[in-house]
Chemist: 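Supplied in C-alpha cells, the structure appears directly below.
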Number of protein chains: 2
Amino acid sequence: MKLTMREIAKMAGVSVTTVSLVLNDKEARISQKQRTKIKEIARKNNYVPNSSAVSLAKNESNTIGVVVPNISNPFYSSLIKAISNELSKRGYYSLIINSNDNHENEAKQVAKLVSRGVDGILLVPSNDLYAQGTDKVNTFLNSIDIPFVLVNADSDLDINQVNLDSFEGGYLATQLLIDNGHTDIAIVTGNKGFVNAETRLLGYQKALADNGLTIDPNLVFRAPYDLNGGYERIQQIQQTPATAIFFCSDLMLYGAVKQFNESKRNLFDHYSIIGYDDTFINEIFNPTITSVKQNVSQLGSEAVRVLYTALSSKLTINVKLDVTLNVRDSVKALD
Amino acid sequence: MKLTMREIAKMAGVSVTTVSLVLNDKEARISQKQRTKIKEIARKNNYVPNSSAVSLAKNESNTIGVVVPNISNPFYSSLIKAISNELSKRGYYSLIINSNDNHENEAKQVAKLVSRGVDGILLVPSNDLYAQGTDKVNTFLNSIDIPFVLVNADSDLDINQVNLDSFEGGYLATQLLIDNGHTDIAIVTGNKGFVNAETRLLGYQKALADNGLTIDPNLVFRAPYDLNGGYERIQQIQQTPATAIFFCSDLMLYGAVKQFNESKRNLFDHYSIIGYDDTFINEIFNPTITSVKQNVSQLGSEAVRVLYTALSSKLTINVKLDVTLNVRDSVKALD
DNA sequence: TTGAAAGCGTTACCAT
DNA sequence: ATGGTAACGCTTTCAA
C-alpha cells in the first residue's frame with residue numbers, strides 16, 4: 001500500500017524532517033549512514049511521494065497547462081507532441097486541453113487550469129478568439145495572471161510569445177510563384193482576424209510589390225483554414241484570371257483538390273499550387289506539393305524554453321522563428 | 001490575489017465548514033440566506049478552489065493518465081481528442097503522455113503517472129510493447145496497480161479493455177475485394193505481434209476460407225504501420241499475381257502510392273486498394289479510397305466510460321466495437 | 001443550522 | 001546532525 005514519509009521515519013527511527021531531507025537530496029547535514037538507510041527503506045517499499053501534498057506545501061505543481069484549438073488537426077498534434085516531449089524532458093507534466101476553437105470555452109479552460117494550480121500555461125489560441133478583435137484578445141490575455149506564453153500567434157502586448165514568421169512564409173511562397181513567371185496569383189488566407197492570416201497576406205503583398213506587380217484585391221480570398229474553406233473558394237477562384245494559387249494551409253489546398261476531383265478534373269493541371277504547413281501527405285500526391293515548411297518541433301521547444309524562463313523571471317521574451325519553403329513539383333513555370 | 005475559504009468565511013462571518021458545504025453544494029442544512037451570501041462573495045472575489053488541497057483532502061486527483069505511442073499520428077490524435085473531450089465532460093483532467101512507441105519508456109511513464117497520483121490510466125499500448133511477446137505484455141499489465149483500461153489492443157488477462165473489432169475489419173475488407181471478383185488478394189498487416197495485426201490477418205483468412213478461396217502465404221506481408229512499411233512492401237507485392245491489396249493502415253497505403261508515383265505510375269491503375277482507419281485524406285485522393293472505418297470517437301468515449309466504472313467497482317469489462325467499411329472508388333470489379 | 005477541530009502528506013523554519 | 005511543528009487549503013466527523 002501507499003507508504004508515507006511518516007511511516008518511513010518510524011521504520012528508520014528518525015524524524016519526517018530527516019526523511020524529507022534525504023529523499024529530496026537536500027544538501028543537509030545528515031550522516032551518510034542515515035541517508036543510505038532511509039533511501040534503502042524507501043526503495044524497498046517502493047515509496048512514491050504524494051504529489052498533491054508536495055504541490056500544496058510548495059505551492060507549485062510541476063504541471064503546465066497546454067491549450068490548443070484542436071488536438072487532432074495535424075499541425076496542432078505535431079505541436080503538442082513537440083511540447084509535451086520537451087516538457088517531460090524538463091520534468092514537467094502537461095495538461096493538454098482542447099478549446100474546440102471556441103473562445104468562450106478557451107477562457108473557461110484557462111481559468112480551470114489556473115485554479116488547478118498549474119505552474120504556467122502554453123496558450124495556442126483559437127481562431128475564434130482572434131476573430132473577436134484585438135480588444136477582446138487583449139482583455140483575455142491580460143486576464144491570465146500566471147506565467148504563460150502565447151504560441152503560434154502574435155500580440156502587441158508585452159507578453160511572452162513565440163511564433164513562426166508568417167510574413168516570411170507569405171513572402172517566400174509568393175516569390176517562388178513569381179519566379180516561375182506567374183503574375184496573377186490568388187491567395188486564400190484565413191478569415192478576417194484569424195491567427196496569422198493578415199501576416200501571411202502582408203508577406204504576399206510585399207512580394208508582389210517588390211516585384212513591381214499590382215496587388216489585385218479580387219485575387220485575395222479568405223476562408224477558415226480547413227478542407228471546406230478550400231473547397232468553396234476554389235469555385236470562386238475559377239472566375240478569376242489566376243494561374244497560381246497560394247493556400248495558407250494545406251488543408252484548404254486539399255479541399256480544393258477534392259472539389260476538382262469531384263468534377264473529374266485535376267487541380268494541378270490548371271494551376272500552380274503552393275500550400276502551407278508541409279503536411280507529410282504532400283509528398284504522397286502526384287505531383288508532390290510545394291509548401292511552406294514550419295519547424296513545428298522548434299516552435300514547441302522554444303515555447304517551452306520561454307515559459308521555463310518566465311517561471312523564474314519577470315522579463316518578457318518575443319521569439320519569431322524562420323520558415324522555409326519545401327519545394328516540390330506543384331509549381332510549374334508559366335510559359 | 002488568491003482567495004481561500006478561510007478568507008471567505010471571515011468575510012461572511014461564518015466558519016470554513018459552512019463555506020465548504022455551500023460552495024460544494026452539499027445537501028447540508030444551511031440557511032438559504034447564508035448560501036446566497038457566501039456564493040455571492042465567492043463569485044465577486046472570483047474564488048477558485050486550490051485543487052492540490054482538494055486532492056490531498058479527498059485522496060483523489062481528478063486526473064487520468066493517458067499513454068499513447070505517438071501523439072501526432074492521425075489515428076492516435078483523433079483518439080486523444082475523443083478521450084480528452086469525454087474526460088473533461090466528466091470533470092477529469094487528462095495527463096497525456098507520449099511513449100514514443102518504446103516499451104521501456106512506456107513502463108517508465110506509467111510508473112510516473114501512478115506516483116503522480118492519477119486516479120486511473122487509459123493505456124493505448126505501443127506496438128513495441130506487444131512485439132515483446134505475450135509474457136512481457138502480461139507482466140507489464142499486471143504490474144499496474146491502479147484502475148486502468150487497455151485501449152485499442154487485446155489481452156487474455158482479466159482486465160478492462162476496449163478495442164475495435166479488427167477481425168471484423170479484416171473480414172469486411174477482404175469480402176469486398178472478393179465480391180469484386182478478386183481472388184489473388186495481398187494483405188499488408190502489421191509486424192509480428194503488433195497491436196491488432198494478427199486479428200486483422202485472421203479476418204482476412206476467414207473471409208477467404210468462407211468463400212472457398214485458398215490462402216496463399218506468399219500474399220501475406222508484414223510491415224510497420226507507417227509510410228515506409230507500405231513503400232517497401234509494394235515493391236515485393238509486384239512480384240506476385242495479386243490484383244488487389246488490403247493495407248492494414250492508411251499510412252502504409254500512402255507509402256505504396258508514393259512508391260508508384262516516384263516511378264510515374266498510378267497505384268490505383270494497377271490494383272484494387274483498400275485501407276484501414278479511414279483517414280480524412282482518403283476522400284481527397286483520385287480515386288477516393290475505400291477504407292475500414294473505425295469509430296474512434298466511440299472508442300475514446302467507451303474507454304472513458306469503462307475506466308469510470310472501474311474507478312468505483314472491481315469487476316472487469318471487455319468491450320469490442322464494431323467497425324464498418326467506407327466504400328469509395330479504389331476497389332474496382334475484376335473482369 | 002452551524003462550528004471546532006482533526007486530518008490529508010509534504011515542506012521549511014526554528015530549535016536543539 | 002537531527003527533530004518538532006506550523007503551515008499549505010481543503011474535507012469531514014462530531015458536537016452543539
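The structure displayed is predicted, hence computed values, not measured ones. Computed over heavy atoms, backbone and side chain alike; hydrogens, waters and symmetry mates excluded. Order of the sequence lines sets the chain letters (A, B, ...), proteins ahead of strands, with each chain counted from 1.
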Chemist: Please enumerate all residues that pass side-chain hydrogen bond (donor to acceptor under 3.5 Å, both in side chains) together with Glu104(A), with sequence neighbours excluded.
Modeler: none
Chemist: Once side-chain hydrogen bond (donor to acceptor under 3.5 Å, both in side chains) is applied, do any residues pair with Ser15(A), and if so which ones, sequence neighbours excluded?
Modeler: Thr18(A)
Chemist: List for me each residue that meets side-chain contact (heavy atoms from CB on, under 4.5 Å) alongside Ser166(A), sequence neighbours excluded, and say none if there are none.
Modeler: Asn196(A), Thr199(A), Arg200(A), Tyr276(A)
Chemist: Under the salt bridge (charged side-chain N to carboxylate O under 4.0 Å, His left out) rule, collect the residues that match up with Arg6(A), sequence neighbours excluded.
Modeler: none
Chemist: At under 4.0 Å between heavy atoms, how does the protein contact nucleotides 4-11 of chain C? Give one character per nucleotide, 5' to 3', with B, S or -.
Modeler: BB-BBBBS
Chemist: Judged by modelled atom types alone, do Thr316(A) and Asn318(A) share a side-chain donor-acceptor pair under 3.5 Å?
Modeler: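 No, no side-chain donor-acceptor contact under 3.5 Å.
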Chemist: Calculate the interatomic distance between Ile38(A) atom CD1 and dA1(D) atom C1'; express it in whole Å.
Modeler: 12 Å
Chemist: Does dA1(D) have OP1 or OP2 under 4.0 Å away from a side-chain N or O of Gln34(A)?
Modeler: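 Indeed not, no polar side-chain atom of Gln34(A) lies that close.
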Chemist: Partners of Lys320(B) by salt bridge (charged side-chain N to carboxylate O under 4.0 Å, His left out), sequence neighbours excluded?
Modeler: Asp154(B)
Chemist: Go through the structure and list residues passing salt bridge (charged side-chain N to carboxylate O under 4.0 Å, His left out) with Lys314(A), not counting sequence neighbours.
Modeler: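 Residues passing salt bridge (charged side-chain N to carboxylate O under 4.0 Å, His left out) with Lys314(A): none at all.
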Chemist: What is the distance, rounded to the nearest whole Å, between atom CD of Glu60(A) and atom P of dG9(D)?
Modeler: 14 Å
Chemist: How bent is the helix from dT1(C)-dA16(D) to dT16(C)-dA1(D), comparing axes over its five end pairs at each side, to the nearest 10°?
Modeler: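 Inter-axis angle at the termini of the helix from dT1(C)-dA16(D) to dT16(C)-dA1(D): 40°.
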Chemist: So, using side-chain hydrogen bond (donor to acceptor under 3.5 Å, both in side chains) as the criterion, who are the partners of Asp156(B) when residues are at least two apart?
Modeler: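 Listed in chain order: nothing, the list is empty.
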Chemist: For Gly117(B), which contact category applies under a 4.0 Å heavy-atom criterion: base, sugar-phosphate, or nothing?
Modeler: nothing
